[in-house]
Structure formats: structure tokens, C-alpha cells
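Counting begins at 1 with the first residue of the sequence. Everything numeric here is computed off the predicted structure, so don't read it as measured data.
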Amino acid sequence: MTEHIAENTTAPAEPEGATVTYLHPQTAQWTDWAETADDTEAPVPATADRTLVLETARVILDKPLAPAAPAPARPVEKVDLDAFDDAPLIPAWMKSPEGWAAWAGVFYRARRRGFRRWVRRQATDKGHVRQFGRGARRMHEWVVGFEGVRVQSAAHTAHVLTREARAASRHARFTPRILGNKKELAMKSAQAATAAAEQAVALHKKAKKDRNRARNLRAGVVYGPPLAAMGSGYATGGGLGLAAGLLATFSGGAFAGRKPYEEDADWTSEWRSLGDGDRMTAPMLDSAFRAAKVIGSEETLRVVQMPMLDTRGAWTAVLDLPPGIPAKRAIRATDELAAAFGVEEAQVSIAKKGRSGRIELYVSRDLPFTDKAKPGPLLALEAPANFWGPISIGPDVRGLPISISVVERSILVGGEPGAGKSASGNTILLHAALDPRVILWFADGKGGGDLEPFEPLCEAFEGDADPEALYAMLLDLIKDMKQRYALLKKLGKRKVTEELADQHPELRQLLLCVDELMFYTTDEEYGKKITKALRNLVSRGRAAGIVTFCATQKPGSDVVDTSLRDLLSIRWALRCTTPEASDTILGKGAAASGYSAKTIQAEMRGAGYLWAEGTNPQMVRADYYTDEKVETLLARATEWRRKAGTLPSAPLTLAEQLRGRGDEDALILADVLDVFTAHATETGPAEWLPGQLLVDELRTAGHPVTAEKLGALVVRTDADKAKRPWGEKGSRLAGYPLERVEAAAAARFGLTA
């Protein structure tokens, strides 16, 4: 027989006070263990009555406290292990409810510790959420596959060959036929380049089709089972079935991603290029700026604003250069940075951001300003414009509208032929025309070209490209300027303001526009005189409310004297052929600082570097208005000026001038001209009328004129007296040409149409 003897233990002394123990009558008994001297247990029967327990506790608490007697030692428990016979060994904790409770607590604590370990695990790479993320990423990468590399390569090849084909076609188109073999070789080269481009485009389309087919197949394999599980679960079990399907999908994704990544896999090439569709990252920026020699090989940029895509698909970032490197070094290296990014120089825009060492980098996805221009804001005007306020010029490379103020300013616009000077100038001229308070003085060096629609709104207009007429107009304007200063002196004012101009119509703003300035300033007789007069107006006329606007192709010192050119405060350089030509507009050193109009591509019509006072040059494309839109705006300006009473009176016709003389013969010639106007055609007044018709009309008008008197008044040649067919029957009659009537008015009264 084997005996198990428990050690005797002494219970600790009871604290001073009563202890009340309440056990649920169904699970435990309230027992007062008291041991007798002969080692026999004397249990006190437990009661199930909760009232009895509480009453006993009250009685005990009411009694005075007495020192507690030391608890006797527990008896030695003798367990006979052979008493179970053939039954398995039963643990001692199974004999009492307390043992069962202690046993259950072990599992509860184990489950609680396990839950805590699971929660802490979720923040690591072994968490189920991260496992599911890795699994989803791996499955998505398998679905995407590697066919995209072939598509990108085919797309890049197609883009390159397309550009080459376009360039070859342009070269062939503009090669003169007189060159013979060169024209033929250029045509063959263009055809070969076009065929290669078409083949590259076809290969690109086939690669995209193959990629989509493979991706769709793999997507069905990966995404089909989860969708089927969730759909069938929802159909069979409703929300509970959908939850089961989601749980199964989550479990499958977590299983696929159970193994963490040892290191992030980088499947891209070492050299990254924005031109090839890569994302702009901080390492790419460091590599590009090192390649452009902006920063050293061991230096890095500090990214203030992480690279991000805007709504136009362009990359933008704000960067801090290493200490000691100014922003102008990065601006000067725009060409090198564009090569490092794999884009055109015109696609890269760098500007100083707040301080010398901080720059804002903007790289457009495509060549800027090659899309169709949006309608200008002047079309939305419902009331007259305000030429005293900011003038909308157009959007910059970011698509943001740019406005300037021309108050007390002067403007110079230059660029090569076809760069868009006329369209760019319209943004300023139309704004002035739409303000009824502005007086317009225009001179068109093209001889009746782009400024001709503005003529009815002008107080003075020179449209014949006549340097002598322009010089006379400038002298009149100088007299007007002196009168303005005399009035200002009388009023005790220093310069013209908007309020002052509204009170005194003589001080209204005046816009002097000289288009094709080169034609006037290079004239041998009047060139220097015109330059001197313009210099006087630009230097002194600003405070008098006179704004000067000049446009020319190349404002070099041989075209515009530097003493005049340097006074023009607002410069707008459109596309130029050389950096030196750009510097003649923007100023010496602008091209070396990264602002060269030579970088503007031929496709970017109307784009140029705008340099207003106090700012750096910025690339801007002028708002574009078609000829129809210009006519619409000028009609609106005419109506507003008519209502305001500032519409210039139209020049008198020859008939009106003749009536002003009051002479009888002059009145006869005026009525003759009215007859020609009455028989006008779509092309204008009639060029020839029968003499009998003229005599009858004059008699109806009250002039007793005979054929002989009319013949003596309007002298004709023998050719003019020849008979011509007239009327429906085609009767041949003698008559008078219109030019002979006008010649008679010029010879007799010195008047012209």
C-alpha cells in the first residue's frame, strides 16, 4: 500500500473584523472548517437560504470584536491510490466545484493570453491583415504579368517613329521642288518613315491586345473563385452566407501571403525616365539633379512637397536644394534636367518658391500649349471691361490664369514670324476696346492687316504703313500729352488715376499701339524721328495715362534703339530662333538664366516668356480669339461705346464732303454718287451707269441737268464714252464710270473718298 501524506500547514491569523463569505447555494456551500483534536472533521451544514446568510453576517458584525484565535493546522489527508481499482487516475480537482472552477480558469487565462498575442501579432509582418495584403498584392502582380513591358516598349518605339515620320514629312513638304533629287529623296525618306511608324503602331496595338487577353484569363482564375464564393453564399444564406464568403476570401488571401517579404522586390530598371511613363520619386530626383550637375554626387535634395500628379497629369514637387546652392543654378540647368528626366526642355518648368534655395519643379506629361486653346474670358463679359484693373493674358504651363496690370506701364511683344504676335496682342487690344473709356490710337505697319477691324473704334488710325503719317500722329499725341500735364498741374495732381479720368474725360486712358515697329524705325527719313517721339511718349506719358504697346519681330539695337527698348517695362518674348534674339526682348542674360524663348517649339503657337516688372519670366500662352470671335467682341465694344458716347465719328463719305461745300456742282456730284450707291451690288457701288439714268435721277432730285451739262461736269475719255449693254434687253448705252465721277470731285474740289 502506498500512502500520500500532505504536509501540515498553519493558517495565517485572521484580521481584526468579521469576514462574510457568500457562496451560491447551487454551486458551493458555506462551510466553517473546524478541526477537532482527534483529527475528525466537523462540518457545519450549509444552508441555501440567502436570508439566513445575510442575517448571520449582521449578527456577527454587531458583536464586539475579539482577538481571533489562531487557526488549527490542517489535517493530514491520506489518499489510497489503490482504492480506484481499475479506474483511471482521477485528478483531485475533479472532486469539488472549486477544482472545476480553477481548471476552467486555466483555459480562460490561456485564451486571453493567446488573444493578446494575436493582437500584438497584427502589427507585425505576420499579422493576418498584412498577410492578406501581401497575398492580394502577389495575386494582382501575377494577374498583371510582364506583358506590360512589351507594351511600353512598343509604345515608346511607336512614339519615336511617329515623331520621326512627322519630321520627315514636314521636311519633305517644305523642300522646294527646284532642288530635284533632294526633294525626291526627302519624299522617299518620308514614305519609309511613315511605313515604319504605321508598323510600330500596329505592333503596339497587337501587344496591347495580347496583354489584355492574358490578363483577363489570369484575372478569371484569381478573382473568379472569391466572387463565386461570396455570390453563392449570399444567394443561399443571405448576409450570413456573404460573411462566410468574405471570410473564406480573406483566409485564402492570407494563406497566399503567409510568407513575409524578405526585401521589397524592385522589378524596374535602374534608369528611370518620366518620358517612359515612370513615376517621379525622391531617388529619381536625386539622380536627375546629380546628372545635371546641380548637386554633388554625395548631396541629396530635401523634399518639401512629395511628387504628385495634378489634374493635367503633370508631376509637381517642391524641393530644397543643399545649403549654399541657389535656385538660379537649377533654373539655368533646365535643359540638362529635361534630358535627365527624358522629356523636352519646354516640358520642364522651375521657379523659385519663397526663398533662394527652394524651388518648385513642374514637369508636364506632354508638350505644353499644343492642345486646342480654350475660349478667352472676354467672351463671357456682360458689362464693359476695366482697363485700369488686371488684364487676363492667358494660362501658364500649370493651366493657371495669368493677369497683369498695364497702368503706368508700356509693353513690348517680339518673336519670329508666325510665333503668334498678332493673336497675343489681341488679348490686350480687345480688353482696351471693351472699355469705352479708353482712347485708341493704332498704327499698323503691315498696311491694313490685323488691326483693320479696330479702325472704327480708333480716334487716330494709320493703316497704310506710312512712316510720315505715323510721325505726324505721334506729334499730335505729344501735344495731347502736354495738354494732359497742363490740366494735371491745374488740378494739383501728380498723375492720372481712374477716379480723376472719370471726372475729366480729357484724361481718359489712351492706348498707343504700333504694330511691326521695325518697319517704322528702320525708315531712312523718319526712323530716328519716330524713335525719339516714342521715347518721349514712353518715358513721360505713363503718368499722363498713355500706355504704349509695341510689337515687332526682333527688337534688336539695329531695329529699336536701346534707349527706347529699355524703357518698355513689360516684355513678352514669343518663339525666337536664337538665345540672343530672346535676350533682345527679355534683356541680356535671361537666356543664360534659363529663360530662353528658343526652347519654345513651333507647335506652341502663342506661347512665350512674359516678364512683368518685379517678377521672373514665366511661360504663358495668350488667350486665343478667332477672327469671328474678334468681330463679335468688337461689335459688342462698338455698342458699349455708342451707349457711353465715346464712339468716334465715322469718316465722311465723298458725297457728304461734297454736300458740305454747298456749291451747286458739288451737290450734283453728290447726288450722282448716291445714284451709284443705290445701284450697288454685293461687291460695292456700281462701277458704271448709263448717262440717261443719271440725268433722270438728277431731275427727280430737283436738278435741271441736261446730258450736255453732266458731260461737261464729268470729263470722260473716248474709251469711257463707248456704249455698254444695260438692262434685261441688253441695250447698248453710253454712260459714266464711277472713277470718273470721283476724279471730277478731286479735280474740281480737291476731295477724295
Side-chain angles (χ1 to χ4, degrees), residues 442-470 472-473 519 627 631 648-753:
F442 287 3
D444 191 353
K446 293 181 180 179
D450 299 320
L451 298 183
E452 186 176 2
F454 293 87
E455 183 177 359
L457 305 179
C458 295
E459 295 284 351
F461 186 84
E462 198 291 299
D464 297 328
D466 185 358
E468 182 180 2
L470 174 62
M473 187 171 71
F519 177 80
D627 294 342
E631 293 178 1
S649 58
L652 297 177
T653 63
L654 181 57
E656 293 172 343
Q657 297 179 44
L658 289 169
R659 288 191 178 92
R661 291 300 180 94
D663 186 83
E664 178 65 23
D665 291 342
L667 295 177
I668 293 175
L669 291 177
D671 288 340
V672 171
L673 291 174
D674 289 341
V675 176
F676 276 91
T677 303
H679 291 78
T681 61
E682 295 180 356
T683 58
E687 297 180 357
W688 179 89
L689 287 177
Q692 188 60 42
L693 175 64
L694 294 176
V695 172
D696 294 341
E697 293 290 343
L698 290 173
R699 289 177 178 176
T700 304
H703 298 288
V705 178
T706 62
E708 291 77 8
K709 185 176 180 180
L710 181 61
L713 184 60
V714 179
V715 180
R716 295 172 294 171
T717 63
D718 293 339
D720 296 333
K721 295 178 181 180
K723 295 182 177 181
R724 302 181 185 181
W726 177 260
E728 297 179 357
K729 297 181 179 180
S731 302
R732 299 184 66 83
L733 302 174
Y736 292 82
L738 175 61
E739 59 181 356
R740 290 304 171 191
V741 179
E742 294 176 346
R748 181 74 179 273
F749 303 100
L751 300 177
T752 58

Task: pair F454-D444: side-chain heavy atoms closer than 4.5 Å - done: no
Open item on the list: Quick check against the 3.5 Å criterion: does E462 have a side-chain atom that pairs as donor or acceptor with the backbone of D464?
Closed with: yes
Task: D663 side chain reached by L658 side chain, heavy atoms, under 4.5 Å - done: no
Task: Reported CE-to-CZ distance for the pair M473 and F442, which is rounded to 0.5 angstrom - done: 10.0 Å
Open item on the list: Does any part of the side chain of V672, heavy atoms only, come nearer than 4.5 Å to the side chain of V714, both counted from C-beta?
Closed with: no
Task: Interatomic distance, L669 atom CG to L710 atom CG [nearest 0.5 angstrom] - done: 8.5 Å
- [ ] Would you check if L694 and E697 make a side-chain contact, meaning some heavy-atom pair closer than 4.5 Å?
- [x] no
Open item on the list: Using 0.5 Å steps for rounding, measure from the CG atom of L673 to the CZ atom of R659.
Closed with: 8.5 Å
For residues 720-730, run the donor-acceptor check on the side chains, cut-off 3.5 Å, and write out each pair with its distance to 0.1 Å, sequence neighbours left out.
unit_1	atom_1	unit_2	atom_2	d
D720	OD2	T717	N	3.3
D720	OD2	T717	OG1	3.0
D720	OD2	R740	NE	2.7

TODO: Can you see which heavy atom on L470 is nearest to which on A443, and at what distance?
DONE: CD1-CB, 3.6 Å
Open item on the list: How close do A670 and A655 get, counting heavy atoms only, and between which atoms?
Closed with: CB-O, 3.6 Å
Task: Residue pair A465 / G445: nearest heavy atoms and the distance that separates them - done: CB-O, 3.5 Å
Task: Which residues share a side chain to side chain donor-acceptor pair (under 3.5 Å) with E687, sequence neighbours left out - done: none
Task: Audit row: L451, F461, side chain to side chain contact (heavy atoms under 4.5 Å, CB included) steps and yes/no - done: CA-CA 9 Å; L451 298 183; F461 186 84; 4.0 Å; yes
- [ ] Find the distance between CH2 (W688) and CG (L733) and round it off to the nearest 0.5 Å.
- [x] 6.0 Å
TODO: Measure the shortest side-chain to side-chain distance between R716 and V741 over non-hydrogen atoms and say whether it is less than 4.5 angstrom.
DONE: no
Open item on the list: I need the D671 CG to T677 OG1 distance, nearest 0.5 Å.
Closed with: 11.0 Å
- [ ] Search all heavy atoms of P456 against all heavy atoms of P648 and return the closest pair with its distance.
- [x] O-CD, 3.9 Å
Open item on the list: Quick one, R699 with T706, criterion side chain to side chain contact (heavy atoms under 4.5 Å, CB included). Give me CA distance, side-chain angles, the key distance, then yes/no.
Closed with: CA-CA 9 Å; R699 289 177 178 176; T706 62; 4.3 Å; yes
- [ ] Measure the CZ-CG distance between F676 and L654 for me, rounded to the nearest 0.5 Å.
- [x] 12.0 Å
Task: Any donor-acceptor pair under 3.5 Å from Y736 side chain to G711 backbone - done: yes
